[in-house]
Amino acid sequence: MALPPDVHRYSWPVTFQLYDSMTHLTREFVPVVPGQVSIYHCGLTVQSAPHLGHIRKEVVFDVLRRWLTASGYTVKIVANVTDIDDKILRRSAEQGVEWYALAYRFELELHKAYQALGCLPPTYEPRATGHIPEMIELITLLIERGHAYVAEDGSGDVYFDVRSWPDYGRLSGQRVADMAPAEDSDPRGKRDPHDFALWKGRTDSSEPETASWNTPWGRGRPGWHLECSAMSGKYLGDEFDIHGGGLDLRFPHHENELAQSTAAGRPFARYWMHNAWVTAAGEKMSKSLGNGALVTEVTKQYPPRAVRFYLVAPHYRSSIEYSDTSLAEATTSLARIDSFLDRAHDLVGDTAPAAVLPAPFVAAMDDDLGTPAAVATIYTTVKAGNQALEAGGTEAVREAYAAVRAMLGVLGLDPLDPIWTDAAGPGADLEPVVDGLVKALLDQRQEARARKDYAAADAIRDSLGALGVQVEDTPQGPKWSVEH
RNA sequence: GGUGGAGUGGCCGAGAGGCGAGGCAACGGACUGCACAUCCGUGCAUGCGUGUUCGCAUCCCGUCUCCACCUCCA
């Protein structure tokens, strides 16, 4: 898919500040290679349909990517797909389908979900099962360096030796000694309970043959943490800029990735970026709690653009509460912006998004992706535009219109972005029919109004309204729109 | 037990020593046949308690409550 035309490149002095969750500091963003940004964020384990919490991460990194692109960077963004793990195997066994078919089905659902919310596909989306040789290579290196060992119990498991790596715990600020002992975890052949699996030997013969691979340590399948180290290294190199994911990945997943990668002699990520949750009734939305709102369900109830707006408007490091009022409010708020855009378009016609973004918007985005202040700038611009509309200042209207579209574009919310307009739903071919019918009714209503028969005029407006067609009288005649 | 976050108006949600974003809802006014939209205006909030300061949502100390992570989790 081509980059939407509204994502412009700018050449102002770049002063992007990014909060790094390893150092707990907001630091100026300095990429490894000037002018280029490499981002890796942990995708999803494709074992079930994505809920709002999952998709928030996609939206956050999509906004990051759009902002860096708008700032003049060439962005390479890689998000993995974990297509094999315990849960996938268990679920597929339960459902009597092949594990890879199950994983693939949910991978497609994930794609559908992020496209529905206007997320651009990553530069690349590697699958774990496609990178077994890279993983074997990495494990071999870790064993050679004395940071990993093959379990002595003959299971074929390979573990990372936590005690061999004093830096372990650096990302999450924890000391191994303080960590709660893993009560119920199976120690198998571990030297230390905190050691984690790089590779899982095939000990359960009921697992399908297709779910294991040959290695120097016998047949088995990859450990979750290792995958990401192998894939980020392959596509982004030994050192890259931003490593991201949900806050819950910080430990153990990212901690383990960091340990593996640095123990293998790689500098690894320069900045760690973690987004907060979507909560429901104050609690983290999660598969295990069963309180997840599926993306497919939510986008049936609310326009997908409004759902994205709801996810984009709060800061990415704040948790957001999922509720009908929040979604409904986001829908109304976005409608206010769209309504200005509509009215402005009637006056100024097709106008491209502005090439230069308003300074407060830029300052907000440069400050650790400050979308709340950025959205506030959109509103102030909309207000200025509405005022100009009242005053009849065409140039000012055009300016506001172009600025609003440019800002919305950075957030992936420009209504004229092909990602939204191409999504002509079922029944799109009936549009001319609907247009004609509504126009006929509105003509009748205008005639009634002309002879001051307001009862008849209002009756027509009411019956249209009952069908979801909003009628608004303007100096240029009646306008109508379909509410969602 | 360890680690990290959060408590702001009716609601959502920013800011981070002075001038308290923005939106939604509400109320008053303008415009309109009416309505919608829009514009103008009103509302005056920072868990609690000390302290620091000329001044503190913002800093210190204490305290209460909530959430998350500590090998399933975006």
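Chain letters run A, B, ... following the sequence lines, proteins first and then strands; every chain starts at 1. All figures in this text were calculated on a predicted structure; none of them were measured in a lab. Side chains included, hydrogens not; waters and symmetry mates left out as well; all remaining heavy atoms used.
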Among side-chain atoms of Trp99(A) and Asp83(A), is any donor-acceptor pair under 3.5 angstrom? no

Within the 4.0 Å heavy-atom criterion, would you say Ala197(A) contacts the bases, only the backbone, or no part of the nucleic acid? nothing

Counting side-chain heavy atoms from CB outward, which of C70(B), C69(B), U71(B) is closest to Phe196(A)? U71(B)

Testing C24(B), C39(B), U71(B) for proximity to the side chain of Asn386(A), the answer is C39(B)

With sequence neighbours excluded, residues passing side-chain contact (heavy atoms from CB on, under 4.5 Å) with Asp192(A): Arg163(A), His194(A), Asp195(A)

Side chain of Arg461(A): nearest nucleotide among A74(B), C34(B), U71(B)? C34(B)

Assess whether one donor atom and one acceptor atom, taken from the side chain of Lys87(A) and the base of C72(B), lie less than 3.5 Å apart. yes

As a test of the definition: with a 90° window around 0 for syn, would you call A57(B) syn or anti? syn

Report which part of the nucleic acid Val60(A) touches: base, sugar-phosphate, or nothing (heavy-atom distance under 4.0 Å, all strands). nothing

Looking only at side-chain atoms of Glu283(A), point me to the closest of G22(B), C24(B), A68(B). A68(B)

Using a strict heavy-atom distance below 4.0 Å, which residues from residues 443-456 of chain A are in contact with RNA chain B? Arg445(A), Arg449(A), Tyr454(A)

Students often get this wrong, so: under 4.0 angstrom with heavy atoms, is Lys383(A) touching a base, only sugar-phosphate, or nothing? sugar-phosphate

Are OP1 or OP2 of U38(B) and a side-chain N or O of Arg336(A) less than 4.0 angstrom apart? yes

Given the P atoms of U50(B) and A57(B), what is the spacing between them in whole Å? 13 Å

Tell me whether Asp85(A) is salt-bridged to Lys87(A), with the criterion being a basic N under 4.0 Å from an acidic carboxylate O. no

When the distance from CH2 of Trp272(A) to P of G4(B) is rounded to whole Å, what number comes out? 18 Å

Listed once per pair and sorted, the side chain to side chain donor-acceptor pair (under 3.5 Å) pairs that draw on residues 320-329 of chain A, sequence neighbours left out: Thr279(A)-Glu321(A), Tyr302(A)-Asp324(A), Ser323(A)-Thr325(A), Ser323(A)-Ser326(A)

OP1 or OP2 of A35(B) sitting under 4.0 Å from any side-chain N/O of Gln470(A)? no

Partners meeting side-chain contact (heavy atoms from CB on, under 4.5 Å) with Asp248(A) (sequence neighbours left out): Trp277(A), Lys284(A)

What does Asp458(A) touch in the nucleic acid at a heavy-atom separation under 4.0 angstrom: a base, only the sugar-phosphate, or nothing? base

Base, sugar-phosphate alone, or nothing: which one does Asn275(A) contact when heavy atoms must sit under 4.0 Å apart? base

Is there a donor and acceptor pair closer than 3.5 Å between the side chain of His253(A) and the base of U71(B)? no

When you compare G62(B) with U71(B), how far apart are their C1' atoms, in angstrom units rounded to a whole number? 36 Å

May I ask you to say what Gln174(A) touches in the nucleic acid, namely base, sugar-phosphate or nothing, with a heavy-atom cut-off under 4.0 Å? base

Give the intermediate values and the outcome of ring pair (Phe, Tyr, Trp, His ring centres under 6.0 Å) for residues His131(A) and Tyr235(A). CA-CA 11 Å; His131(A) 298 79; Tyr235(A) 298 104; 5.4 Å; yes

Is atom CD of Glu399(A) surrounded by more than 12 heavy atoms (other residues, nucleotides or ligands) closer than 6.0 Å? no

Any donor-acceptor pair under 3.5 Å joining the side chain of Asp473(A) to the base of C34(B)? yes

Roughly how many Å is it from CD in Glu390(A) to C1' in C36(B), rounded to a whole number? 14 Å

Within the structure shown, what part of the strands sits under 4.0 Å from His274(A) by heavy-atom distance: base, sugar-phosphate, or nothing? nothing

Between C24(B) and C60(B), how many Å separate the two C1' atoms, rounded to a whole number? 37 Å

For residues 373-385 of chain A, please give each side-chain donor-acceptor pair under 3.5 Å, one per line with the distance, not counting sequence neighbours.
unit_1	atom_1	unit_2	atom_2	d
Thr377(A)	OG1	Ala373(A)	O	3.0
Thr380(A)	OG1	Ala376(A)	O	2.9
Thr380(A)	OG1	Thr377(A)	O	3.0
Thr381(A)	OG1	Thr377(A)	O	2.7

Side chains of Glu207(A) and Ser212(A) only: does a donor on one sit below 3.5 Å from an acceptor on the other? no

The side chain of Arg343(A) lies closest to which of these nucleotides: U38(B), C70(B), C72(B)? U38(B)

C1' atoms of A30(B) and C34(B), separation to the nearest Å: 16 Å

Within the structure shown, what part of the strands sits under 4.0 Å from Gly53(A) by heavy-atom distance: base, sugar-phosphate, or nothing? base

Taking any heavy-atom pair under 4.0 Å as a contact, classify Gly244(A): base, sugar-phosphate, or nothing. nothing

Show me the protein contacts with nucleotides 11-15 of chain B, counting only N or O atoms at under 3.5 Å.
unit_1	atom_1	unit_2	atom_2	d
A14(B)	OP1	His315(A)	N	3.0
A14(B)	OP1	Ser318(A)	OG	3.0

Side chains of Ser261(A) and Ser229(A) only: does a donor on one sit below 3.5 Å from an acceptor on the other? yes

Out of His254(A), Arg250(A), Glu255(A), which one pairs with Ser172(A) under the side-chain hydrogen bond (donor to acceptor under 3.5 Å, both in side chains) rule? Glu255(A)

Nearest to the side chain of Glu472(A), which nucleotide is it out of G23(B), A37(B), C69(B)? A37(B)

Nearest-nucleotide check on RNA chain B, Gly173(A) vs Met285(A); residue mapping nearer the 5' end is Gly173(A)

